[in-house]
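To start, the structure under review is shown below, and the notes come after it.
Just so you know, ligand 1 is whichever comes first in the structure, and atom 1 is the first atom listed for that ligand.
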Amino acid sequence: MACFAPTSITGTSSIAVIINSIADMREIARRTIPRAIFEYAERGSYDEVTLRRNRSDLEAIEFRQRVMVDVSKQSMATTLLGEPAAIPLAIAPTGLSGLFHANGEILGARAAQTFGIPYCLSTMSICSIEDVRAATSKPFWFQLYLMRDRAFNAELIERAVQAQCSALMVTLDLPITAMRRRDAKNGLSVPPRLTLRNALDVASKPGWALRVLFGKRRSFGNLQGRFGDAHGLRTLAQWISKSFDPAITWKDVEWVRSRWPGKLILKGVLDAEDAHHACATGADAIVVSNHGGRQLDGAPSTISVLPEVVDAVAGRCEVLFDGGIESGQDILKALAFGARGCLIGKAYLYALAARGEPGVASALRILREELRVSLALTGSNDVHVVNRQILRSHGTPERVGVQGGCSLVG
Ligand SMILES: Cc1cc2nc3c(=O)[nH]c(=O)nc-3n(C[C@H](O)[C@H](O)[C@H](O)COP(=O)(O)O)c2cc1C
């Protein structure tokens, strides 16, 4: 059967690789970059219960298949924080993106810009705010971790202002770091190093080694002069625990609000009560997130709490969603539960590692096409009108139910 999904065909004429899913990107990434970096993206904290729940709860949700509806005219464009977005999607902040591909953050930002969705740069990026600003022509978002050194935070906020970032995303769910056991075992270091232990692995990824290991940007671009010449993830973990502020409270968000003149996004809300607090700060948006299953292991999946958070917010700010998004179908499910838009972390990194900027562009096209087709087959024409009516109530785990045990439909 012919495949009409947007595909990316690469390779020599004798061995053409057809890429038409995020899973394909993941597989190519696995073969392209060192194991320590691949697993840094792939794995979650502790027993990875929450990491798995993010996926399994999304997968368990069923659509209602609707027929005989005119779906010849569809609209997937929207706005996120008032900015036009080609589809309801943004690229999530991911630390160390520049180790997945040389100049990773620049390439990711450019791909997002060309496609027409927001890109969010992490505090812990390899390319600096200024690097990304110089390489792009549209404003991007900047993600901020709150550190003990408030003067440094004030400096980062000012740099984001100078770079004309259009939104500041403050991450709330990492006052301390949870352990990802694989990272400790893999000995991931920043900057990456060739060691006796990883020599074979790195030798089998010569393209990555040439571009990244011997490339120009290999350490934290935004932290120059602060991260020093610390080596090894143990040292990075130590730096984070020394630098990130475990005492942050809602008062600190007010501190940020008073210094940041633009749109404010609070990331890491997973509870209705916290959603009330977040709205009270005057935030423009929240991100329902459990850090992609990388922080509190045993926390619920993001999709299972999305309905109660949306209800708690009651339209006071935009509700964005991340955690486990790997397809256009996943995006549609989050929209059905009331998310304004979604963010992708791992899916973006796989595409970046696999093929750089064209890889990210290709992944975005795949997601858009899957969203378009799924929208049509649920009998919908516009991403703004989808709601819980497009979902079936049964066949879903209880955790994904609506509060009070009501049906998902209606
Ligand atoms: C490798 C990696 C690095 C991340 N780094 C950051 C970060 O620096 N700041 C942040 O707020 N979130 C970070 N996150 C979390 C993402 O922003 C996002 O919440 C998560 O990846 C969404 O889940 P998904 O990966 O299943 O799409 C990171 C996630 C990954 C996978």
Taking 4.0 angstrom as the limit, do [X] and [Y] come out as a salt bridge?
{"X": "Arg257", "Y": "Asp284", "result": "yes"}
{"X": "Arg133", "Y": "Glu130", "result": "no"}
{"X": "Lys251", "Y": "Asp245", "result": "no"}
{"X": "Arg30", "Y": "Glu27", "result": "yes"}
{"X": "Arg26", "Y": "Glu42", "result": "yes"}

#### Entry: Glu273, CD: over 12 other non-hydrogen atoms inside 6.0 angstrom
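Atom CD in Glu273 is not crowded, with 12 or fewer foreign heavy atoms closer than 6.0 Å.
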### Query
Exactly which residues line ligand 1, taking a heavy atom under 4.0 Å from it as the test?
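Residues Tyr40, Ala41, Ala92, Pro93, Thr94, Gly95, Ser122, Gln143, Tyr145, Thr171, Lys267, Ser289, His291, Gly292, Arg294, Asp322, Gly323, Gly324, Ile344, Gly345, Lys346, Leu349 each place a heavy atom under 4.0 Å from ligand 1, listed by chain and number.
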